[in-house]
There are 2 protein chains.
Amino acid sequence: MVTLRDVARAAGVSPATASRALGNPDVVAVSTRERVLRTARELGYRANQAARALATGNSGMIGLVLPDIESPFFASIAKGVDARARELGSAVLIADTEEDAALEFEIAARVQERVEGVILCSPRMSRAHLEELAALGPVVLVNREAGGLPSVSFDTPAGVREALVLLHGLGHRSVGYVGGPRSAWSDAERRSTLDAVAGLEVDGLDIVDLGHHRPVFSSGVAAADAAAASGATAVLCYNDLVALGVIRRLQSRGIRVPEDISVVGFDDIPFATLAAPPLTTVAVPWAPAGRAAVDLLLGTGRPQAPQHFRLAVDLVVRDSTGAGPAGNAE
Amino acid sequence: MVTLRDVARAAGVSPATASRALGNPDVVAVSTRERVLRTARELGYRANQAARALATGNSGMIGLVLPDIESPFFASIAKGVDARARELGSAVLIADTEEDAALEFEIAARVQERVEGVILCSPRMSRAHLEELAALGPVVLVNREAGGLPSVSFDTPAGVREALVLLHGLGHRSVGYVGGPRSAWSDAERRSTLDAVAGLEVDGLDIVDLGHHRPVFSSGVAAADAAAASGATAVLCYNDLVALGVIRRLQSRGIRVPEDISVVGFDDIPFATLAAPPLTTVAVPWAPAGRAAVDLLLGTGRPQAPQHFRLAVDLVVRDSTGAGPAGNAE
DNA sequence: TTGTAAGCGTTATCAA
DNA sequence: TTGATAACGCTTACAA
């Protein structure tokens, strides 16, 4: 392995100068700098990042901890994080917790040992663990808020509201909610918005609680029966995967979407538009959230930059929603 | 920050002993070990990984370079890599090249500086670059073979053969192939298998080349028209995304799948089963490939363990394939 | 502008 | 079984 000493020796300068030529180009005489750079290239020198990290005290890496890299939205967050990190010259250490709330803290703590800070996506861990983790090093939350920790979240209340207004406008008076996991912070947030909107902003809208479900396609399949039995003419789902499952089951029972029941999802995953019918859903800016999280973590702004981003969501109306019983269409 | 020295001092031992107690427990007196472990816990000691890496010469990290983390199959590979790496005590540094062949080498080289070795998924870079990278450190290829580099690939010829036999058996005599990118190694491999099988193993089967396409849904949409115009009664697609796009476009033109045209995909992404109709496709074991790649990289076997894995694929017959003109059904 | 030298926090060698 | 002590490769005062 060729070290900085080797380069320095070959270029006839001290290691210090060689180091400067490489990392602080303008504090070195032009001729020296070029000589060093050239010999470095000739020798195929590659800086030892461990040594650099030890000397400078920073690793040039950030951590990304997420429940499941195979989920489209986490993949999108990862995409955003990766892109922004590269722009800022950082590397990304990734860790998949396999949806395991217990493992999550351990894994994140281990990651924290190697990086400048950690981005936690939809963390399920307790608030206490979150704070313990924050004590180990910088932490940014995505899709969750907790205490004063920096976070990137989404204005899902606005999305829920928009969806409800859409459905109400279409003539629906009874809307089912297929909820997410009990442990999901965003599920709780959605529920309270649902109640608030139904109670205050929209007349005569009834919300039917269709329970908690794992956020996967098959849960939707199961929830569809409850939805059909509930008498609701529209269903709002915790996420697109569930919504797609609901549609699938409804259709296989001969219930038409949207003619008989309207379905609204959440997330706008890539396949939402490919479904039959294309899914009406609340689009969430996952990749931008990933970018924002990196900015928060690396404090790209001025010292007192904002510690929270709340990103706007966007209701995308496609074909899984149609007129309800009180509507005039059809 | 609490260092090993602090722990050692507090426990009344030398740093050397403290280090041993933590990393080499059975070479230290039981009483000492426990004392050290306890004080380490009390002080909240966390080993500095950069220092450890510098001293031992290994970082405990592996690199994972892939074209697009949002693609379901790369996400699955990542899942497998992550899981296996954790089992083996390694961390995973991830880098998304954004499908950019030019960037790919640069990114991989940068990653290589920080890790024990790099796993390259479906690399598009030249053979020369591949070798240059291998000179920088251990490399394992996934879904590509090149020279003597360790690799994990798939027996796609068998999959292509199976698909063709299925279609032929169903009565199809003219099968279109919607190809992948010109730069994709696996596309070339598929084409040659197609020709070989059509020429030698199956009677009277005509392969229609439907061109090269980017491996995305919208390419399928575009390719569908070519497929319909070609007179082929069945279409084999480079991957599921494309196949789904083909189906979508066919359907929107009033061409029924599989009644009018059968469609076969490749990969078996999660949504293949959710499509309407569910997609017949060649299932590829992405996650196991990720695990295998880690094993290859970390040389988990004996010194002369195999350097290549070729994983079996599996034709999954669903509802996007049906009887062709020479069949007796319908 | 350049060089000397002192760390950075661990591990590992060699004696004791 | 333990303790000095020397690396590991780089950065960064501090001097020159």
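In what follows, every heavy atom counts, from backbone to side chain, and hydrogens, waters and symmetry copies are set aside. Below, chain A is the first sequence line, B the second, and so on; all start at residue 1.
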Separation of atom CD in Glu113(B) from atom P in dG9(D), rounded to whole Å
15 Å
In this structure, how many angstroms lie between the P atom of dT1(D) and the CD atom of Glu34(B), rounded?
14 Å
Partners passing side-chain hydrogen bond (donor to acceptor under 3.5 Å, both in side chains) against Glu132(B) (at least two apart in sequence or in another chain):
none
With the criterion being N/O to N/O and under 3.5 Å, what pairs connect the protein with nucleotides 7-9 of chain C, and how long is each?
| residue | atom | partner | partner atom | Å |
| --- | --- | --- | --- | --- |
| dC8(C) | O2 | Ala55(A) | N | 3.4 |
| dG9(C) | N2 | Ala51(B) | O | 3.4 |

Which residues satisfy the side-chain hydrogen bond (donor to acceptor under 3.5 Å, both in side chains) test with Ser14(A), sequence neighbours excluded?
Thr17(A)
Restricting to salt bridge (Lys or Arg N to Asp or Glu O under 4.0 Å), what partner residues turn up for Asp6(B), sequence neighbours left out?
Arg9(B)
May I have the distance from Leu22(B) (atom CG) to dT1(D) (atom P), rounded to whole angstrom?
17 Å
Test of understanding: with side-chain hydrogen bond (donor to acceptor under 3.5 Å, both in side chains), list the residues that count as partners of Arg114(A), not counting sequence neighbours.
none
The criterion is side chain to side chain contact (heavy atoms under 4.5 Å, CB included); which residues satisfy it with Ala11(B), sequence neighbours excluded?
Val13(B), Arg35(B), Val36(B), Thr39(B)
Tell me which pairs pass salt bridge (Lys or Arg N to Asp or Glu O under 4.0 Å) where either residue lies in residues 93-104 of chain A, with sequence neighbours left out.
Asp96(A)-Lys79(B), Glu99(A)-Arg124(A)
To the nearest 10 degrees, how far apart in direction are the end axes of the helix from dT1(C)-dA16(D) to dA16(C)-dT1(D), each fit to five base pairs?
30°
Tell me if a side-chain donor or acceptor on Asn48(A) pairs with a main-chain N or O of Ala51(A) at a distance below 3.5 Å.
yes
Just the atom pairs and distances: protein N or O near nucleotides 2-5 of chain D's N or O, under 3.5 Å.
| residue | atom | partner | partner atom | Å |
| --- | --- | --- | --- | --- |
| dT2(D) | OP1 | Thr32(B) | OG1 | 2.4 |
| dT2(D) | OP2 | Ala29(B) | N | 2.9 |
| dT2(D) | OP2 | Thr32(B) | OG1 | 3.3 |
| dG3(D) | OP2 | Ser14(B) | N | 3.0 |
| dG3(D) | OP2 | Ser14(B) | OG | 3.3 |
| dG3(D) | OP2 | Thr17(B) | OG1 | 2.6 |
| dG3(D) | N7 | Arg20(B) | NH2 | 2.6 |
| dG3(D) | O6 | Arg20(B) | NH1 | 3.2 |

Taking only residues two or more places apart in sequence, or in another chain, which ones meet Glu70(B) in a side-chain hydrogen bond (donor to acceptor under 3.5 Å, both in side chains)?
Ser76(A)
Give me each pair satisfying ring-ring contact (aromatic ring centres under 6.0 Å, His included) with a member in residues 102-154 of chain B, each pair once, sequence neighbours excluded.
Phe105(B)-His129(B), Phe154(B)-Trp286(B)
Under 3.5 Å, side-chain donor or acceptor atoms of residues 143-150 of chain B against the rest of the protein: list the pairs with distances, not counting sequence neighbours.
| residue | atom | partner | partner atom | Å |
| --- | --- | --- | --- | --- |
| Asn143(B) | ND2 | Ser122(B) | OG | 3.0 |
| Arg144(B) | NH1 | Pro123(B) | O | 2.9 |
| Arg144(B) | NH1 | Met125(B) | O | 2.6 |
| Arg144(B) | NH2 | Met125(B) | O | 3.2 |
| Glu145(B) | OE2 | Ser153(B) | OG | 2.6 |
| Glu145(B) | OE2 | Arg310(B) | NH1 | 2.6 |

